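Quick notes on the structure that follows.
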Amino acid sequence: MQIKLRKRDITSALLLLGLLLISLLFIIPIAYCVFTSFKTTTEILQEVTFFPRRLTLENYAYVFDRGAKYINYYWNTIVITLSSVAATVFMAALAGYAFAKLPFHGSNKILAGILFVLAFPLTAMLIPIYMMESNLGIINTHLGLTLPNIITILPFSIFIMRGAFRGLPQELEDSADIDGCGVARTWWSIMLPLAQNALVIVLVSGFYNVWGEYTIAKTLATRENVMPISVALTLLKGEDWNYGVLSSAITLSIIPPIVVFAAFQGQLVEGMVAGSIKG
Amino acid sequence: MARVVSLRQKHKQRWGKLFILPAILVIFLFVVYPIVYTLILSFSEYNFVFDPAPNIVGFRNYTSMFKDKLFLQALSNTLVFSAFQFAAMMVFALLLALMLFFVRGRSWLFRTSIFMPIVVPASLVCLLFTWMLANNFGIVNRFLIDTLGMPRLASNWLTTERTAQGSVIVVSLWNKVGFCTILFLSGLQGISQDVLEAGDIDGATGIKKLRYIILPNLAETYVVAGIWAILQTLKLFVTPMVLTKGGPANTTQVLYMYIYKTAFLSFDMGYAAAMSFVLSIIVMAFALLNMRLNTRKD
């Protein structure tokens, strides 16, 4: 009995150690980026240390003072992310409710169709989208970047919302019917507040998907003034190709998704599983 | 009464159609229409800059693909990378999920650090890795030379063929494995307590329990995780694009990237459309194969 107990302890100690090492592998690159953003240029290029020796804010100062264009990149990312996510939440909340509670002839087939087109890689759509937007003159605009981003997160969001509305009891709807509450009002003031958790999942997962989106922006933003941070930073050259400045810009753009993720981890992990076949 | 119900039903159906309208409109304009248009384009010759309109040429785009060395190389890179990445992804994700499942006490810290890379913008991660893997002042080489004292292990990671290919796979894995881990973890949590306890009574412990009870009960998860991993690996784009730019000598150029270059740098839309259809077919074929293989067992 004693031996068995000991064996168990060793196993769990090894497990802990293993997980600790693996976690470090995931944290180190991000930590390195954050640390580098506080280092001086000489320290970065000559000493190559992991931890900073002398803390400096000069890199951040550069981003905020001289880098009006960096602020502009952030602005682009923020505008594109907020508008795509807002539009998606609205459309998914409506469509998810319809698929769950207001089925009509053929609605299941439409839902299956949405799932099917998900299997197509984005490149199969981007060529015509590029041509279409080019002809409409909305290439290199926030609108032109927002609309294709919606379709990358919309199907997943519809499935999440549909699942949430299906989980709500039928009696709620029946009593709303009896009270003479119209469909739109039932949706808005009774059902939607009860689907709050799903709304959070759609919001948060949409947020970090669009925030870091690269392929669409790389294709449809060819002018610097509309580029989001995820593309713009990869194109810096010459004087701007400075690891200190770059790492502070990267740090600033990875903090929002990490904070949001840490705050909603529990809910998110569940939700991502529920609609895992996306993109 | 029946008539009243059916009237209300009709009324609701009308609202249902109205409710899906915005979503359907966007999906039609930005998904369905583009896919159909891509199919048509794939049978045409169309340079977006020079030609006034697409010119139907039949299967020429499809046949010329197999004489195009760059295409063949990109295709083989895609398949090889995907095979390695898929295998590594499934094994590591399952392993990580098992570790997180069995570790005692609170694993919030471990979970957060393993899942965190998923939410970090992939292109910025690659940017970060380009200078961590840089030759002279990269921290990876510094660590190998100065800290471990093994200069032989240091390498010019991103400009040597083998290590560049390896770096693309490892960095993509670093960025994505967390999501697959979540899938496996939820699969593990979905195994009912009864099944696990029945195993305890039968005396199945340790490896035996894992081999005969836990792993076979994950069948559904293999399908979901498998499809997800296939989609991710075949659509690999950001990592080679930012980390290696397809080099050295096109050894990390994948199909997705070649399509991007053909369409948006050379504007040869017809040929690019044909290649994206080939890629779509490959993706679907593997997704179906995965589903077949994993459901046949039952």
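Note that these values count all heavy atoms, side chains included, but never hydrogens, waters or copies made by symmetry. Model, not experiment: these values are computed from the prediction.
Per-residue heavy-atom pair counts under 4.5 Å with chain B were compared for A:Leu16, A:Thr215, A:Ile27, A:Ile254, and the maximum is reached by A:Thr215. In terms of heavy-atom pairs under 4.5 angstrom with chain B, the leader among A:Gly96, A:Pro128, A:Gly113 is A:Pro128. Residue with the most contacts toward chain A among B:Ser276, B:Gly187, B:Pro117, B:Gly178: B:Ser276 (heavy-atom pairs, distance under 4.5 Å). Your options are B:Val31, B:Thr112, B:Ile24, B:Val120, and the one with the most heavy-atom pairs under 4.5 Å with chain A is B:Val31. Interface check for chain A: of the options B:Phe277, B:Tyr37, B:Trp174, the most heavy-atom pairs under 4.5 Å are formed by B:Trp174. Contact count against chain B (heavy-atom pairs under 4.5 Å) is highest for A:Thr123 among A:Leu154, A:Thr88, A:Ile255, A:Thr123. Among A:Leu24, A:Leu102, A:Leu20, the residue with the largest count of heavy-atom pairs under 4.5 Å with chain B is A:Leu102. The candidate with the highest count of non-hydrogen atom pairs below 4.5 Å against chain A, out of B:Phe143, B:Tyr256, B:Phe129, is B:Tyr256. With respect to chain A, the highest number of heavy-atom pairs below 4.5 Å among B:Met241, B:Arg111, B:Gln189, B:His11 belongs to B:Met241. Chosen from B:Val238, B:Ile259, B:Leu21, the residue pairing most often with chain A at heavy-atom distances under 4.5 Å is B:Val238. Comparing A:Asp177, A:Thr222, A:Ile150, A:Val260 by heavy-atom pairs within less than 4.5 Å of chain B, the highest count is held by A:Asp177. Note on A:Pro29, A:Ala98, A:Gly18: by heavy-atom pairs under 4.5 Å with chain B, the leading option is A:Pro29.
With a 6.0 Å radius and a threshold of 12 heavy atoms from other residues, nucleotides or ligands, B:Phe286 has its CZ atom at or below the threshold. Within 6.0 Å of atom CD in B:Glu220, 12 or fewer heavy atoms from other residues, nucleotides or ligands are found, so the atom counts as exposed in its surroundings.
The backbone N or O of A:Ser230 sits less than 3.5 Å from a side-chain atom of B:Ser123, completing a donor-acceptor pair. Side chain of B:Thr38 to main chain of A:Ala124: a donor-acceptor pair is present (N/O by atom type, distance under 3.5 Å, no hydrogens or angles).
The shortest heavy-atom contact between B:Ile114 and A:Leu19 is CD1-CD2, 4.2 Å. Nearest heavy-atom pair across A:Ile30 and B:Met116 is CD1-CE, 3.6 Å. Between B:Phe30 and A:Ile129, the shortest heavy-atom distance links the atoms O-CD1, 3.5 Å. Nearest heavy-atom pair, A:Pro121 versus B:Ser280, reported as atom, atom and distance to 0.1 Å: CD-OG, 3.3 Å. For B:Ala273 against A:Ile127, the heavy-atom pair with the smallest separation is N-CD1, 3.7 Å. Across all their heavy atoms, A:Leu233 and B:Leu127 have their closest contact at O-CD2, 3.7 Å.
In this structure, CD1 in B:Ile281 is found 8.5 Å from CZ in A:Phe120, a value given to the nearest 0.5 Å. Considering NZ of A:Lys218 and OH of B:Tyr260, their distance stands at 4.5 Å, rounded to 0.5 Å. Rounded to the nearest 0.5 Å, atoms CD1 (A:Ile22) and CG (B:Leu95) are 6.5 Å apart. The structure places CG of B:Leu100 at 7.5 Å from OG of A:Ser23, a figure rounded to the nearest 0.5 Å. Atom OG1 of residue A:Thr234 and atom CG of residue B:Leu243 lie 12.0 Å apart, to the nearest 0.5 angstrom.
Relative ring orientation between B:Phe267 and A:Tyr130 is described as tilted, the plane-to-plane angle lying within the 30° to 60° band.
Contacts between A:Pro256 and chain B at a heavy-atom distance below 4.5 Å are absent for every atom of the residue. Heavy atoms of B:Val177 lying under 4.5 Å from chain A belong exclusively to its side chain. A:Ser107 does not touch chain B: none of its heavy atoms, backbone or side chain, sits under 4.5 Å away. In this structure, chain A has no heavy atom under 4.5 Å from any part of B:Ala287. Looking at B:Phe115, the atoms closer than 4.5 Å to chain A (heavy atoms on both sides) sit in the backbone and in the side chain alike. The contact between B:Val283 and chain A is made entirely by side chain atoms (from C-beta outward), counting heavy-atom distances below 4.5 Å. Heavy atoms of A:Ile258 lying under 4.5 Å from chain B belong to its backbone as well as its side chain. For chain A, the nearby parts of B:Ile35 are the backbone and the side chain; heavy atoms of each come within less than 4.5 Å. Interface residue B:Ile139: backbone and side-chain heavy atoms are both found under 4.5 Å from chain A.
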Quiz item: Could you go step by step and tell me if B:Arg142 and A:Phe50 meet the side-chain contact (heavy atoms from CB on, under 4.5 Å) rule?
Solution: CA-CA 10 Å; B:Arg142 285 289 126 218; A:Phe50 185 72; over 6 Å; no
Quiz item: Passes side-chain contact (heavy atoms from CB on, under 4.5 Å), B:Lys235 versus A:Leu122? Steps please.
Solution: CA-CA 8 Å; B:Lys235 294 199 271 184; A:Leu122 208 49; 5.9 Å; no
Practice problem: Please report the C-alpha distance between A:Tyr97 and B:Trp15 in whole Å, then the side-chain angles of each, then the deciding distance to 0.1 Å, and finally whether the side-chain contact (heavy atoms from CB on, under 4.5 Å) criterion is met. | Solution: CA-CA 10 Å; A:Tyr97 187 69; B:Trp15 275 96; over 6 Å; no
Practice problem: Please test B:Phe48 against A:Met131 for side-chain contact (heavy atoms from CB on, under 4.5 Å), starting from the C-alpha separation and ending with a verdict. | Solution: CA-CA 8 Å; B:Phe48 190 59; A:Met131 290 161 49; 3.4 Å; yes
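No side-chain heavy atom of A:Thr11 sits under 4.5 Å from any side-chain heavy atom of B:Phe102. Here the side chains of B:Tyr33 and A:Met125 are not in contact, with every heavy-atom distance at 4.5 Å or above. Between B:Pro121 and A:Trp211 the shortest side-chain heavy-atom distance falls below 4.5 Å.
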